[in-house]
Amino acid sequence: MPELPEVETIVCELCPLTVGRGITDIEVLWPGSIAGATPEEFAARLVGRTIDGLTRRAKFLLFHLTGGDVLLVHLRMTGRLVLRSRGAAEERFAKVIIGLEGDEELRFTDIRKFGRLQLATAEEVVDLLGSLGPEPLAEEFGVAELKRALGKRKAPLKSLLLNQTLLAGVGNIYADEALFLAGLNPQRRPRSLSEVEWQGLHAGIRRALQAGIEDRGTTFSDFRDGRGRPGNHQDSLSVYRRTGQACPRCGGTIARTVISGRGTHFCPSCQV
DNA sequence: TTCGTCCTGGTA
DNA sequence: TACCAGGACGAA
């Protein structure tokens, strides 16, 4: 499932490959993947535009187009955005094909059909992304900003880390890994944290995300980068999907529970 | 704040 | 053959 590190990996990969190129044609194979417009409107507004820039906000990819419009892409669970040459064998589960100048195309594929593409004006983007919390890897995101985001909430830390309106980009994998690095039990509540624990949580979130980016993302089955390659971080995870295995820090046994309906992995011995 | 919903391939 | 995985959103 693409979270901040996976989306960042795709953006870094696709940026030099797509920026400056014009969109020549659009093929919508599954209209449900397009939000806020019919496939015809979507295609009509995109064809002829040039990609001026590609950035990330939370788990969104933002293709900035000539004229100011933005193509927002959210991969949700199983979405992929891969650059292929036009002649390459067609992907199974392809939903939208964005043809580019120069005999290549961006293929959006999505097994579970949760992912969405949406074309928005600059004003609409502000509205669509306005409720997102701060970027945890931003330079200005310090311990004080983390406390401001989560401090007054009463829910378990695990639930809060997944809430995109509080903190942008963390999903189930990196929430579990961040709490492990911080040595905090996922059920802990913000008001119980000491100053040292806040610092540990801040560092844990950033280290977990940074490690994921350095390994070009986590692939269990679905994630692929902008060229269709899997990531490497699944081999370096400490707790996520390691139920029953030994804790890399204390040797205890990794446990699994459910918090807010999400599988949650942690070491009961050293995450207190 | 929690839960159901959307989805379907993979697994028990 | 039934169930599980979970990001985000709307409803309760």
Side-chain angles (χ1 to χ4, degrees), chain A residues 1-11 28-36 56-62 72-81 91-96 108-118 120 124-125 127-136 149-179 186-191 205 208-209 212 217-224 230-231 233-234 237 239-244 254-266:
Chain A
M1 43 241 102
E3 304 179 25
L4 187 157
E6 287 72 33
V7 177
E8 182 72 18
T9 299
I10 296 172
V11 166
V28 178
L29 303 164
W30 172 256
S33 295
I34 310 296
R56 179 191 61 74
R57 172 74 171 110
K59 301 171 193 171
F60 288 87
L61 294 101
L62 285 78
L72 292 166
V73 180
H74 199 304
L75 303 171
R76 296 282 186 100
M77 301 290 299
T78 57
R80 294 179 184 175
L81 199 60
E91 255 87 359
R92 220 180 145 197
F93 311 114
K95 300 288 177 275
V96 181
F108 173 73
T109 68
D110 192 8
I111 295 174
R112 305 267 283 276
K113 300 180 179 171
F114 288 174
R116 291 290 180 270
L117 281 68
Q118 181 165 11
E124 289 168 338
V125 169
D127 208 38
L128 287 165
L129 305 184
S131 61
L132 290 169
E135 287 286 331
L150 309 184
K152 293 195 174 122
R153 295 292 178 134
K154 294 182 174 141
L157 290 175
K158 171 63 185 275
S159 309
L160 299 176
L161 293 181
L162 295 178
N163 186 334
Q164 300 300 297
T165 67
L166 304 178
L167 195 62
V170 178
N172 211 35
I173 297 173
Y174 296 97
D176 283 3
E177 293 297 305
L179 288 167
Q187 289 282 11
R188 286 281 297 275
R189 318 276 158 154
R191 67 178 170 188
I205 292 167
L209 294 170
T218 300
T219 299
F220 279 100
S221 59
D222 296 303
F223 171 67
R224 294 293 184 277
H233 196 54
Q234 61 280 2
L237 296 173
V239 290
Y240 183 77
R241 288 211 195 173
R242 296 204 181 278
T243 310
I254 305 299
R256 181 184 184 277
T257 184
V258 176
I259 299 176
S260 299
R262 298 292 173 249
T264 299
H265 313 76
F266 67 108

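These numbers were taken from a predicted model, which means no experiment stands behind them. Every chain is numbered from 1, with letters handed out A, B, ... down the list of sequences.
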- line: Taken to the nearest whole Å, CD1/I111(A) to C1'/dC7(B) is 11 Å
- request: Indicate, with a heavy-atom threshold strictly under 4.0 Å, whether F220(A) touches base, sugar-phosphate, or nothing.
  value: nothing
query: Can you tell me how far P of dC9(C) sits from CG of N163(A), to the nearest Å?
result: 10 Å
- prompt: With distance as the sole test, does R112(A) use its side chain to make a donor-acceptor pair with the main-chain N or O of M77(A) at under 3.5 Å?
  reply: no
message: Going by salt bridge (Lys or Arg N to Asp or Glu O under 4.0 Å), name the pairs with one or both residues in residues 154-163 of chain A, residues two or more places apart or in two chains.
response: K158(A)-D176(A)
task: Might you work through the ring pair (Phe, Tyr, Trp, His ring centres under 6.0 Å) test for F266(A) and Y240(A), ending with a clear yes or no?
output: CA-CA 8 Å; F266(A) 67 108; Y240(A) 183 77; over 10 Å; no
- request: Ignoring hydrogens and angles, answer whether the base of dG6(C) and the side-chain atoms of R76(A) contain a donor-acceptor pair closer than 3.5 Å.
  value: no
message: Quick check against the 3.5 Å criterion: does Q164(A) have a side-chain atom that pairs as donor or acceptor with the backbone of G169(A)?
response: yes
field: Interatomic distance, F114(A) CZ vs dG9(B) P [rounded to whole Å]
entry: 12 Å
- line: To the nearest angstrom, the CZ-P distance between F223(A) and dG7(C) comes to 14 Å
task: Check the distance between dT8(B)'s C1' and F93(A)'s CZ and give it to me in whole angstrom.
output: 8 Å
message: From CG of N172(A) over to P of dA5(C), roughly how many Å is that when rounded to an integer?
response: 10 Å
query: Any donor and acceptor pair, going by atom type alone, linking the side chain of R242(A) with main-chain N or O of G244(A) inside 3.5 Å?
result: no
- prompt: For DNA chain B, what residues of residues 153-161 of chain A have any heavy atom nearer than 4.0 Å?
  reply: R153(A), K154(A), A155(A)
message: Please determine whether a side-chain nitrogen or oxygen atom of Y174(A) lies at a distance below 4.0 Å from atom OP1 or OP2 of dG7(C).
response: no
- request: Give one of base, sugar-phosphate or nothing for Y240(A), where a contact means two heavy atoms less than 4.0 Å apart.
  value: sugar-phosphate
query: Is the backbone N or O of R224(A) less than 3.5 Å from a side-chain atom of E6(A), with the two atoms forming a donor-acceptor pair by type?
result: no
query: Does the E3(A) side chain pair with the main chain of N172(A), one donor and one acceptor, at a distance under 3.5 Å?
result: yes
DNA chain C contacts among residues 255-266 of chain A, heavy-atom distance under 4.0 Å: R256(A), R262(A), G263(A)
query: Within the structure, does a side-chain N or O atom of K113(A) lie under 4.0 Å from either OP1 or OP2 of dT8(B)?
result: yes
query: Can any side-chain N or O of S159(A) pair as donor or acceptor with the backbone N or O of A155(A) at less than 3.5 Å?
result: no
query: Which part of the nucleic acid, if any, lies within contact of M1(A), taking any heavy atom under 4.0 Å across all strands shown: a base, the sugar-phosphate backbone alone, or nothing?
result: sugar-phosphate
field: Length of the CZ-P vector between R189(A) and dT1(B), whole Å
entry: 10 Å
query: Using a cut-off of less than 4.0 Å, is there contact between a side-chain N or O of H74(A) and OP1 or OP2 of dA8(C)?
result: yes
- request: Write down the distance between CD (E6(A)) and C1' (dG7(C)), rounded to a whole number of angstrom.
  value: 13 Å
message: Quick check with a 6.0 Å cut-off and a 45 degree axis cone: is R80(A) positioned over the face of F108(A)'s six-membered ring?
response: no
